Each structure stands twice: as C-alpha cells, then as structure tokens.
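Just so you know, these numbers use all the heavy atoms, side chains as well, and skip hydrogens, waters and symmetry mates. Since we're looking at a predicted model, the values are computed, not measured. Chain A is the first sequence line, chain B the second, and so forth, proteins listed ahead of strands; every chain is numbered from 1.
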There are 2 protein chains.
Amino acid sequence: MGTQYSYQYPRPAVTTDVVVFTLRDQQLKLLLVKRGRPPFVDMWALPGGFLDIDEDLEACAKRELEEETGIRGVYLEQLYTFGQPNRDPRERVISVTYYALVPSDHIDLRASSDAADADWFSLGQLPALAFDHQEIITLAHQRLVAKLHYSTIAFQFMPETFTLGELQKVYETLRNEELDKRNFRKWILSLGQIEKSGELCKTGNHRPAQIYRLKNPERVEIIK
Amino acid sequence: MGTQYSYQYPRPAVTTDVVVFTLRDQQLKLLLVKRGRPPFVDMWALPGGFLDIDEDLEACAKRELEEETGIRGVYLEQLYTFGQPNRDPRERVISVTYYALVPSDHIDLRASSDAADADWFSLGQLPALAFDHQEIITLAHQRLVAKLHYSTIAFQFMPETFTLGELQKVYETLRNEELDKRNFRKWILSLGQIEKSGELCKTGNHRPAQIYRLKNPERVEIIK
DNA sequence: GCAAAAGTGTTATCCCTACACCCATGA
DNA sequence: TCATGGGTGTAGGGATAACACTTTTGC
C-alpha cells in the first residue's frame with residue numbers, strides 16, 4: 001500500500017474503454033456495466049479500466065472486456081483517444097477507446113469483480129452515463145454506421161452461418177431503413193465475401209433458405 | 001530535480017506526435033525533425049513531445065508543433081494511439097498521434113530547443129526514422145488518401161486563393177494520377193465549396209485564370 | 001505566330017433503383 | 001388452402017467517364 005512509483009513529472013493515468021455493440025430483437029444494443037465503486041458509483045458506464053504497465057493497449061481492452069463481461073474473441077477496433085483534462089473528477093485520465101461487435105449468438109454475460117452488474121441497452125434508451133461515456137458512444141455509433149457503407153463490418157454481427165434474409169435484417173436494422181430484397185441480394189453476393197454452405201435452413205412454415213457463410217470470417221474488407 | 005510525483009501503480013508516459021504534410025514542387029512532403037538528444041540522437045523523427053498534466057491532447061500536439069517547427073494555425077486531426085510496450089527503449093510511452101495539413105504558401109520552418117534541425121521529406125525518400133514513426137507515417141498517408149475521396153480535406157493544402165488549374169494539380173499529386181480537366185472542373189464546382197473571387201491570375205504566357213476561394217476555409221466537409 | 005495553360009458540352013457507359021410474381025414449406 | 005418468407009430478372013434514370021477545340025496571353 002502507498003506510493004511506490006515515482007516520476008520527475010506528473011503523469012496521467014491511462015485507461016481503455018470499450019463500446020460493445022450487438023444486435024438483439026432487431027435492435028442495436030450496447031453493453032454497459034454498473035459501477036461498483038466511486039466515482040459515479042451505481043451509475044452505468046462503458047466496460048474498461050486501467051492499463052497495465054507492460055500491456056498492449058488492445059490487450060488491455062480485451063482483458064477488461066473479458067473480466068467485466070466474460071466476452072472474448074470478438075471484432076475490436078480502436079476508436080479515438082479522449083483526454084480532456086477534467087473528464088475524470090479524481091485526476092487526469094487518458095482513455096484510449098475501442099469498439100467491439102459481437103455476433104448475436106455469442107452473448108454470454110457474466111458480471112464480475114469491478115462491475116456490480118452488466119446489461120444490454122438500446123441506443124435510444126440509454127441511462128445517465130458516467131464520465132464522458134455518452135460522447136464516446138455517440139462517436140462509436142457514427143463510426144459504425146459510416147463503416148457499413150464502405151466495408152464488410154456488418155458481417156461481424158453474424159453467427160458462423162446465416163441466411164440472406166437474416167443478413168438483410170441486420171443491414172435494415174443498422175441502417176434503419178427497409179431494403180429491396182432483390183437489390184440487396186445482388187449487391188451482397190457481388191461483394192464476393194460469402195458462399196453457400198450447401199445446407200438448407202428449414203425453420204418456419206415457409207420455403208427453406210440457403211445457408212451461407214463468410215469466406216474470410218476474420219477479415220473486414222474495404223469495399224467501393 | 002528528482003522524483004517528485006508518486007503513484008500507487010506504475011504509469012506510462014504520454015506523448016503526442018504529429019505527421020505534418022504539405023505539397024511542394026508537385027510532391028507530397030512531410031516534416032521531420034532531427035533529434036537533439038537520446039534515444040535515437042541525430043536520427044529523424046516526427047515532431048512531438050510529452051503531454052503536460054493539465055493540457056488537452058490536441059493542445060499538446062499544437063504546442064509541440066509550434067515549439068519545434070514554428071507551424072501554427074493548420075488543420076489538425078487525431079490519427080491513432082500507439083502503445084506497444086517496447087516502442088520506446090527508455091520506458092513505456094503511449095503516443096497519441098495527429099496529422100496536420102499545411103498550405104504550401106504557409107511554410108516557415110524554424111528549428112528550436114528540442115529539435116537540432118527540421119526539414120521536409122518526400123514520402124518516397126524518407127530517412128531511417130526513430131521509434132515506430134515509419135508506421136505512424138504510413139497510417140497517416142493511408143488516412144489522407146482515403147479522405148480525399150469522401151471529404152474536402154484537399155482544400156486544406158490550398159492557399160487562400162487559387163486557380164482551378166492549381167487545385168487540379170493538387171488532386172493529381174495526391175491521387176498520383178492525371179485527371180480530365182473538364183470532368184474535374186464540373187465535379188469540384190458541383191461540390192459548392194468554392195467561389196470565384198472575381199480577380200484574374202495573370203501569371204505566365206497564357207490566358208489569365210479565374211481566381212477562386214473557399215466559401216468555408218476552416219471546414220472539412222464530408223461529400224458523397 | 002507560336003507556345004502554354006484556360007476554358008467549355010455532348011455522348012456513351014455503367015451502376016443503382018424500382019418493381020411483381022412464383023416456390024417450398026408448416027399448420 | 002393459406003400464410004410465410006425464399007428466391008429470381010429487367011428496364012429506366014442518374015451519375016460518371018471519355019473526348020477536342022477555341023481563347024487569351026507573353027515572348
């Protein structure tokens with residue numbers, strides 16, 4: 001206990017915070033944790049925490065995400081670095097923020113040490129947020145919507161296999177508009193990113209659908 | 001002198017570094033400073049330095065840029081945050097990087113305290129660089145080229161007034177390809193971002209050119 | 001008068017959009 | 001047989017790309 005690490009000049013603390021998006025019930029949701037300690041105790045905040053001294057930034061984001069929510073192995077991308085001098089009331093904190101996309105079948109929340117609770121919220125119905133986390137979320141949402149139009153980032157929301165109807169639903173939810181079925185199929189197939197698995201999806205009282213999968217599940221391609 | 005600032009956990013140092021681009025002699029150039037002190041003494045590096053404890057990140061980038069090169073009042077945008085644990089041989093350093101665009105008539109270099117020297121280099125002919133600065137430059141260049149296609153960022157290279165021929169040259173240099181004069185003029189005028197000043201540019205042994213200016217010199221608009 | 005850049009419209013092509021009907025299945 | 005989502009092609013419109021000649025000036 002105490003003050004073991006000394007420097008010639010004052011230093012800010014460095015944290016990472018992650019905006020985790022998923023799609024559930026045809027809605028874009030994001031993950032918040034309820035803070036278990038001050039400041040902003042009992043308020044909702046983004047999962048995140050302090051950088052270990054020998055830890056890569058992205059590794060820190062992944063670690064905090066897993067520790068606080070149990071989520072791992074998802075798409076993660078650096079968003080922006082926030083460093084307003086007074087964004088944390090305790091002291092100077094620089095936050096390197098990331099955003100993550102989680103397939104809808106991959107959600108398995110578990111609260112833990114730092115987080116009294118964790119839950120998914122619709123973007124339109126967010127609670128009051130700690131720090132400048134509202135601003136971070138707004139930026140992450142803008143980036144996600146922008147990337148929809150010039151990359152294959154939306155595929156990161158899909159499970160391993162899916163039908164074209166399910167994929168179209170995802171795009172419709174994210175873009176918040178209905179799309180023409182024929183045009184969507186022509187376009188998405190022309191990208192050359194998905195292929196038929198050969199299997200059929202026989203759920204529901206209607207004609208079975210072809211099941212597709214990604215050719216490169218890990219890669220997010222730039223299109224256009 | 002000594003170790004006045006103590007913390008319970010070790011903390012990384014935080015710096016900002018800036019990739020400054022300009023256009024000169026029909027070439028994209030960037031600004032490097034020669035390091036005056038270890039590590040990497042006498043090697044070339046990006047202008048930048050340590051964050052003051054009460055200073056905003058962007059303010060730090062601006063301050064270091066002015067201190068080391070005399071450049072101020074230019075377009076500045078956050079690029080990415082680099083934090084590999086061993087990117088600085090002395091200790092853990094997080095670098096929040098920015099890139100800046102300088103109009104070609106606005107270049108007025110002056111070396112100073114931290115920088116033994118400063119100079120412009122073509123991207124194809126960079127010297128060996130300190131730290132991971134080559135990686136930072138590569139990313140900045142990619143970002144700049146990408147933004148050309150969906151924003152008016154190229155205008156930030158222009159002086160207050162300019163001709164359409166000069167503007168086309170800028171686009172040709174940045175995109176590294178020749179453009180059709182008529183199509184370029186139709187396109188650039190259709191953006192609605194520039195207007196005639198009414199003056200004519202009578203230099204050279206050829207027909208005088210209309211002089212244009214930006215309607216909103218500060219704003220970078222998203223187009224498309 | 002000649003070299004050098006300024007200035008100016010039309011046509012063809014491609015891509016995106018709009019649009020309607022049959023199919024396979026479960027209940 | 002009916003309700004439900006799956007699956008398919010074509011035609012029109014708008015934007016982009018290709019293309020050549022005249023103008024004004026300095027030397």
Nearest-Å distance for atom pair [atom1]/[atom2], residues [X] and [N]:
X: B:L200; N: D:dT25; atom1: CG; atom2: P; value: 8 Å
X: A:E177; N: C:dA18; atom1: CD; atom2: C1'; value: 14 Å
X: A:L164; N: D:dT8; atom1: CG; atom2: C1'; value: 12 Å
X: A:L189; N: D:dT8; atom1: CG; atom2: C1'; value: 12 Å
X: A:Q168; N: D:dG6; atom1: CD; atom2: P; value: 8 Å
X: B:N183; N: D:dG14; atom1: CG; atom2: P; value: 19 Å
X: B:R207; N: D:dC21; atom1: CZ; atom2: P; value: 18 Å

Exercise. If you look at every strand shown and take non-hydrogen atoms under 4.0 Å, does B:K202 touch a base, only sugar-phosphate, or nothing?
Worked result: nothing
For this session: Determine the contact category for B:K186: base if any of its heavy atoms lies under 4.0 Å from a base atom, sugar-phosphate if only primed atoms, P, OP1 or OP2 are that close, otherwise nothing.
Result: base
Examine the base of [N] for any acceptor or donor lying under 3.5 Å from a partner atom in the side chain of [X], and report the outcome as yes or no.
X: B:R182; N: C:dA6; result: no
X: B:N205; N: C:dA5; result: no
X: B:K181; N: C:dA6; result: yes

For this session: For B:E55 and B:R63, run salt bridge (charged side-chain N to carboxylate O under 4.0 Å, His left out): C-alpha distance rounded to whole Å, both residues' side-chain angles, the deciding distance at 0.1 Å, then the answer.
Result: CA-CA 10 Å; B:E55 181 180 47; B:R63 175 181 56 76; 2.5 Å; yes
Exercise. Under 30°, 30 to 60°, or over 60°: which ring-plane class applies to B:F131 and B:H133, parallel, tilted or perpendicular?
Worked result: tilted
Problem set entry | Pair B:F162 and B:Y212, ring centroids less than 6.0 Å apart | no
Exercise. Taking NZ, NE, NH1 and NH2 as the nitrogens, is one of them in A:E195 or A:K215 under 4.0 Å from a carboxylate oxygen of the other?
Worked result: no
